[in-house]
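Below, read A as the first sequence line, B as the second, and so on, with proteins coming before strands; counting in each chain starts at 1.
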Protein chains: 2
Amino acid sequence: MTVEETRCRRAMDRIGLLLARHGGISNARLRQALEATGLTTRQGMTLMHLAETGPIGQQALMEAIGVDASALVAILNDLERDNLVERRRDPADRRRHIVLLTEAGTEVLTGVDTAMTAVERELLAHLTPAEVATLHDLLTRINTSAHDEACAGS
Amino acid sequence: MTVEETRCRRAMDRIGLLLARHGGISNARLRQALEATGLTTRQGMTLMHLAETGPIGQQALMEAIGVDASALVAILNDLERDNLVERRRDPADRRRHIVLLTEAGTEVLTGVDTAMTAVERELLAHLTPAEVATLHDLLTRINTSAHDEACAGS
DNA sequence: TATTGTTATACTCTATAACTATA
DNA sequence: TATAGTTATAGAGTATAACAATA
């Protein structure tokens with residue numbers, strides 16, 4: 001297509017930059033909303049995942065929430081210190097730690113959910129429900145996995 | 001199935017979390033792609049804005065790229081050290097610094113643009129051009145400004 | 001040797017408050 | 001006093017490599 005030369009599109013037409021910026025804003029809002037629960041965004045997200053999956057090994061949990069091993073350790077250390085999760089050795093493979101929600105962790109979850117709902121309501125205030133659904137669909141289809149196709153060049 | 005009660009939607013149905021995560025990924029990819037230019041994402045973004053707006057005060061630049069004053073100072077210090085931008089006192093109001101691209105900064109810009117294009121091509125590999133346009137539109141309409149409506153509570 | 005989880009480290013981004021110099 | 005810019009500092013997120021225990 002004709003378009004202008006590929007060179008130098010306006011900065012905020014750059015979807016990469018838009019995503020980075022909105023991600024930062026979402027993160028900041030979530031953190032603020034979660035302050036009442038004493039959790040960070042990633043801690044809240046981790047609790048939500050545990051509630052969905054039930055007891056799970058750290059490897060699987062890592063993939064589910066998209067952080068690396070050392071980051072997950074830090075998250076779980078904090079959560080375990082506050083008795084929101086518990087790590088148990090897997091008797092079948094003593095290298096593995098099975099992570100599970102405690103009763104206290106389950107209770108905190110309600111507050112997390114409320115906070116996230118409030119943040120979303122605000123972020124998406126100008127969008128219709130149909131648009132929100134579209135946005136959700138498009139976001140999940142963004143290529144998140146490691147570099148595979150396209151631009152594989154060098 | 002009958003869905004569960006509204007409480008506790010699946011974590012990755014949370015748009016706030018999706019945005020935060022994809023933002024982080026975009027940022028990481030951009031950083032990696034910009035490594036060749038020796039710039040961080042925000043430095044690259046700053047150069048792009050300067051190219052669009054021309055000479056501009058730091059207050060205006062802050063708003064344009066969405067970082068706060070102290071963050072901008074750090075960005076500009078690095079860029080100025082590398083002679084990519086220049087700060088000049090505004091003779092009309094000696095408190096103000098007018099920021100502008102140097103010739104070297106303009107040259108680097110081409111590499112920044114190429115890197116960003118490559119990253120986007122990869123992130124958006126599974127979307128049609130129409131979907132990309134929709135995504136762009138929806139992202140720009142997310143409520144980025146300070147808390148006004150909804151959840152204003154305390 | 002490979003895998004699971006841990007520790008240590010460092011860099012980026014973000015947020016806040018205190019400071020300066022001008023107005 | 002108010003504003004433009006600066007400095008300092010701290011917390012959160014991310015990335016990497018080295019390590020221990022177990023398989």
Asks: I need the B:H22 NE2 to A:N143 CG distance, nearest 0.5 Å.
Replies: 9.0 Å
Asks: Tell me if a side-chain donor or acceptor on A:T37 pairs with a main-chain N or O of A:G111 at a distance below 3.5 Å.
Replies: no
Asks: Starting at CD1 of A:I75 and ending at C1' of D:dA12, how long is that distance when rounded to a whole Å?
Replies: 11 Å
Asks: Nearest whole Å is fine: how far is D:dT3 P from B:H97 NE2?
Replies: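 It is 19 Å, rounded to the nearest whole Å.
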Asks: Please report the distance, rounded to the nearest Å, between CD in A:Q32 and C1' in D:dG11.
Replies: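 One finds 15 Å between C1' of D:dG11 and CD of A:Q32, rounded.
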Asks: Please find the pair of heavy atoms, one from A:I15 and one from B:E120, that lie closest to each other, and give the distance.
Replies: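 Closest pair (atom of A:I15, atom of B:E120, distance): N-OE2, 2.8 Å.
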Asks: First contact, last contact: which nucleotides of DNA chain C are these for chain B, 5' to 3', heavy-atom distance under 4.0 Å?
Replies: C:dC13 to C:dA23
Asks: Would you please name every residue forming a salt bridge (charged side-chain N to carboxylate O under 4.0 Å, His left out) with B:D68, sequence neighbours left out?
Replies: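 Expected list: none.
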Asks: Between protein and nucleotides 13-23 of chain D, map the contacts as a letter string: B base, S sugar-phosphate only, - none, heavy atoms under 4.0 Å, written 5' to 3'.
Replies: SBBB-----BS
Asks: Can you tell me how far the CD1 atom of A:I65 sits from the CE atom of A:M45, to the nearest 0.5 Å?
Replies: 5.0 Å
Asks: Any side-chain N or O of B:N77 below 4.0 angstrom from OP1/OP2 of D:dG5?
Replies: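 For B:N77, the contact criterion (side-chain N or O under 4.0 Å from OP1 or OP2 of D:dG5) is not met.
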Asks: Could you please spell out the steps behind the salt bridge (Lys or Arg N to Asp or Glu O under 4.0 Å) verdict for A:D90 and A:R94?
Replies: CA-CA 5 Å; A:D90 180 350; A:R94 294 187 35 76; over 6 Å; no
Asks: Expressed as a whole number of angstroms, how long is the span from B:I98:CD1 to D:dA4:C1'?
Replies: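 These atoms are roughly 11 Å apart.
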Asks: Can a side-chain donor-acceptor contact be found between A:T41 and A:N27 if the only test is distance below 3.5 angstrom?
Replies: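 Yes, A:T41 and A:N27 have a side-chain donor paired with an acceptor closer than 3.5 Å.
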Asks: For B:T102 and B:N83, work out which heavy atoms get closest and say how close.
Replies: OG1-O, 2.6 Å
